[in-house]
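The structure under discussion appears below in the form of structure tokens.
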Amino acid sequence: MVLNSKFAVVVMCLAVLGVSSANAHDERYLTVSSMKVREVSRDILNQEVMNTLYSKNYMVDGLPTPEGDPNPIAVAGQVIGIAKDLVALGEDIYKLVIKGKPTNTTKYAPISVIPKENGEPVDVMATEHWKVPVKRSFEVLYENLYGMDVVKFRYSVIFAYGGTYNGKGAYLTSVQIIPESVSTLFGYDFTATMKLGGIQNLATRENPIAAATLLLEYTVNTIMKANTEVSSVFVAGNGTFKEL
């Protein structure tokens, strides 16, 4: 009986290895056919609700050569963006996922968009009346030609808004994107990167409303091809949030 059990385990292992080996040379398995971005929320029964915000089907054309990371990056300095009366502090570029594994983003400084005084950014602790931070969660899903979910990446956008300085303005702080989870099937390599796209003032110089655009770049690599997509998130000091 013990022998039969060991034999069964060996057979199962060989079967798994056989599937993996076959997948490594299966063009349909290794070809991405579509991707979508969905917002993840919960209903009154605490059940997940998915709302598709964006979807795309890919053209399948031969066997292109693999591509590397299309945008090698380096961490920027403390001041990362300057408008006429606003300054962005934090780090404007960082990796969310590297080779299918979430990175530890806690070592990165979240972005703040605050006023300048005498040409220098004010101390965030000198601002006041901040609202409770907002959290919005999303999922990026890639499918192959068999209709299998080959990459699934969940992340959350977090930001605090409404801060004032000397009783005026509506500023941003703690703006960041946190990777929640990522899963990839055999043969797929997934990388995600966040970058500050820019800062704006949506109101007047006397009473500004700070805004920031965050860019998210996703890259899926196989031995067949690399697929790269870029999406945008817009947040503002008045609480505005848009997935662009």
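Values in this document were obtained by computation on a predicted structure and should not be read as measured data. Just so you know, residue 1 is the first one in the sequence shown, and it goes up from there.
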Please name the pair of heavy atoms, one in [X] and one in [Y], separated by the smallest distance, quoted to 0.1 Å.
{"X": "I158", "Y": "P133", "value": "CG2-CB, 4.5 Å"}
{"X": "T164", "Y": "G169", "value": "CG2-O, 3.3 Å"}
{"X": "E128", "Y": "G167", "value": "OE2-N, 4.5 Å"}
{"X": "V40", "Y": "F138", "value": "CG2-C, 4.0 Å"}
{"X": "A210", "Y": "V113", "value": "CB-CG1, 3.6 Å"}

Identify all side-chain donor-acceptor contacts of residues 232-244 below 3.5 Å with residues at least two apart in sequence or on another chain.
unit_1	atom_1	unit_2	atom_2	d
N238	OD1	T240	N	3.1
N238	OD1	T240	OG1	2.8

* Structure fact -> Only one of I44, D43, V49 passes side chain to side chain contact (heavy atoms under 4.5 Å, CB included) with Q47, and that residue is D43
Side chains of [X] and [Y], heavy atoms from C-beta outward: is any pair under 4.5 Å?
{"X": "K56", "Y": "N227", "result": "no"}
{"X": "L141", "Y": "R38", "result": "yes"}
{"X": "I111", "Y": "L214", "result": "yes"}
{"X": "V122", "Y": "T127", "result": "yes"}
{"X": "I114", "Y": "V87", "result": "yes"}
{"X": "Q200", "Y": "T213", "result": "yes"}
{"X": "Y155", "Y": "V140", "result": "yes"}
{"X": "P208", "Y": "Y171", "result": "yes"}

Tell me whether [X] shares a hydrophobic cluster with [Y], the cluster being built from Ile, Leu, Val, Met, Phe, Trp, Tyr side chains joined at under 4.5 Å.
{"X": "M50", "Y": "V37", "value": "no"}
{"X": "V151", "Y": "Y54", "value": "yes"}
{"X": "V230", "Y": "F153", "value": "no"}
{"X": "V182", "Y": "I98", "value": "no"}
{"X": "L196", "Y": "L215", "value": "no"}

To the nearest 0.5 Å, what is the distance between [atom1] ([X]) and [atom2] ([Y])?
{"X": "E139", "Y": "L53", "atom1": "CD", "atom2": "CG", "value": "11.5 Å"}
{"X": "D149", "Y": "E143", "atom1": "CG", "atom2": "CD", "value": "5.0 Å"}
{"X": "D123", "Y": "E117", "atom1": "CG", "atom2": "CD", "value": "11.0 Å"}
{"X": "S33", "Y": "L145", "atom1": "OG", "atom2": "CG", "value": "5.0 Å"}
{"X": "Y58", "Y": "K225", "atom1": "OH", "atom2": "NZ", "value": "8.5 Å"}
{"X": "L86", "Y": "L172", "atom1": "CG", "atom2": "CG", "value": "9.5 Å"}

* Taking the six-membered ring for Trp and the single ring otherwise, decide whether the centroids of Y188 and F190 are under 6.0 Å apart. =>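 No, they do not, as the ring centres are separated by 6.0 Å or more.
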* NZ (K168) with more than 12 external heavy atoms under 6.0 Å ->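 Count not over threshold, so no.
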* Asked: Residues in ring pair (Phe, Tyr, Trp, His ring centres under 6.0 Å) with Y142, at least two apart?
  ->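 Ring pair (Phe, Tyr, Trp, His ring centres under 6.0 Å) check on Y142 returns nothing, list empty.
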* To do: Decide side chain to side chain contact (heavy atoms under 4.5 Å, CB included) for V97 and T191; before the verdict, give the C-alpha distance in whole Å, the side-chain angles of both, and the deciding distance to 0.1 Å.
  => CA-CA 5 Å; V97 175; T191 299; 5.8 Å; no
* Asked: Does a salt bridge link K195 with E217, judged by any charged N lying under 4.0 Å from a carboxylate O?
  ->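 No.
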* Asked: In terms of side-chain geometry, is the basic nitrogen of E180 or K135 positioned less than 4.0 Å from the acidic oxygen of its partner?
  ->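 Counted as a salt bridge, because a side-chain N and a carboxylate O are separated by less than 4.0 Å.
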Check: [X] side chain, [Y] main-chain N or O, donor-acceptor pair, under 3.5 Å:
{"X": "N201", "Y": "I209", "value": "yes"}
{"X": "T31", "Y": "R28", "value": "no"}
{"X": "N144", "Y": "Y29", "value": "yes"}

* Asked: Between S231 and Y218, do the side chains contain an N or O donor and an N or O acceptor separated by less than 3.5 Å?
  -> yes
